[in-house]
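Read the structure below first, then the notes.
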Amino acid sequence: MKNLTGLSIKTEQNQLFILDQTLLPHQQQWLPCQTVAEMVQLIQNLQVRGAPAIGIAASLLLAYRAEQGDSRQQLRQDAETLRLARPTAVNLMNNLDCMLQALAADDFVATAVACAEQLFSEDVELCQHMAEHGAALVKPGEQLLTHCNTGGLATAGVGTALGVVRLAHQQGKNIQLWVDETRPLLQGGRLTAWECQQLGIPYQLICDNMAAMLMARGQVDRIFVGSDRIAANGDFANKVGTYSLAVLAKYHQIPFYVVAPHTTVDPHCPDGSQIPIEQRSANEVRGATGSFGTICWAPADAPVYNPAFDVTPASLVTGWVLDSGVLDQAAVAAGALTRLT
Ligand SMILES: CSC[C@H]1O[C@H](OP(=O)(O)O)[C@H](O)[C@@H]1O
């Protein structure tokens with residue numbers, strides 16, 4: 001397997017390593033990953049996370065196992081095990097489908113490795129295209145807002161929504177970024193803040209419940225968020241809290257964009273009601289665990305509802321920023337998402 005270097009995934013000397021995102025921003029620890037069980041744990045613990053990154057990491061693990069001599073039958077079983085690791089991010093399913101096609105070839109070791117490497121390098125390119133299309137929407141001096149983490153940590157490239165912000169910044173557009181901390185796992189406060197500091201992007205971290213006031217004050221000009229799955233009609237799932245941002249943006253007439261590669265579109269999913277929403281553990285809401293240890297601020301037996309994602313209807317979306325360009329509501333209503341290549 002080639003040496004591949006992403007911000008949170010890398011291969012070196014035929015070994016696969018994952019940057020443990022639960023330890024960021026205070027610790028940077030690369031973990032070797034050699035088994036399917038280890039990869040499932042890393043994905044379920046969000047040590048590797050972000051729709052594109054999850055799919056790429058799972059594919060590289062299968063390629064690694066193929067190089068280790070696992071049988072085609074075992075690899076097919078492993079693909080199905082990995083598919084169950086997290087249900088919402090369709091990139092995982094799409095990437096595993098690609099890997100299963102590669103495993104059908106006679107020389108399946110070589111084709112599996114080539115497929116996983118291609119998925120990695122393709123995502124790098126897709127991220128750059130999304131960044132270019134999205135940054136073209138940004139006017140100089142705008143105040144942008146984003147939710148969760150959608151940067152290099154969540155992809156193999158520069159990211160999706162945060163990749164747009166990064167390029168607008170690099171183009172000298174003098175943007176400012178509001179970063180939602182993104183309860184309960186704080187992907188914004190821990191990961192997007194860290195990426196912004198690495199990249200020199202001027203940002204301010206806010207609690208999720210502060211976004212409305214900023215919009216009311218006219219301090220948000222444009223919102224970019226990522227996605228874990230986009231349905232054929234343009235509804236999309238993203239980190240919980242995205243829907244409320246979209247409603248607020250509609251009320252305040254602020255342009256609201258979802259940024260995603262075509263690998264996040266699920267043409268077989270007719271609308272948002274069909275997107276499976278991952279339910280996560282109560283303790284994530286009761287408290288937080290990270291490199292700082294565990295802080296439990298709720299009663300240990302507090303009843304909890306913890307959906308990891310919510311669904312935003314297409315009616316609230318100004319534009320879909322894809323690697324192929326920006327689609328507006330008319331294009332999406334005409335079925336453009338079902339004709340992507
Ligand atoms: C480009 S990543 C898309 C998506 O993934 C994140 O979810 P998680 O942190 O649970 O993996 C978040 O929803 C991002 O917007």
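Just so you know, ligand 1 is whichever comes first in the structure, and atom 1 is the first atom listed for that ligand. Just so it is clear, the values below take in all heavy atoms, side chains as well, and ignore hydrogens, waters and symmetry mates.
- In this view, E142 and R222 satisfy the side-chain hydrogen bond (donor to acceptor under 3.5 Å, both in side chains) rule, not counting sequence neighbours.
- Here ring pair (Phe, Tyr, Trp, His ring centres under 6.0 Å) pairs that include residues 165-188, with residues two or more places apart or in two chains, number zero.
- Using a 4.0 Å heavy-atom criterion, the residues that approach ligand 1 are L46, R49, G50, A51, P52, R86, C148, N149, T150, A154, T160, Q187, G226, S227, D228, N238, K239, F309.
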Chi angles and distances behind the side-chain hydrogen bond (donor to acceptor under 3.5 Å, both in side chains) call for N283, S281: CA-CA 5 Å; N283 281 338; S281 81; 5.6 Å; no
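- Heavy atoms from other residues, nucleotides or ligands lying under 6.0 Å from CD of Q73 number 12 at most.
- Contact between G272 and N233 at its shortest, heavy atoms only, is N-OD1, 4.1 Å.
- The ring pair (Phe, Tyr, Trp, His ring centres under 6.0 Å) analysis of residues 204-235, with sequence neighbours excluded, yields the pairs F224-Y257.
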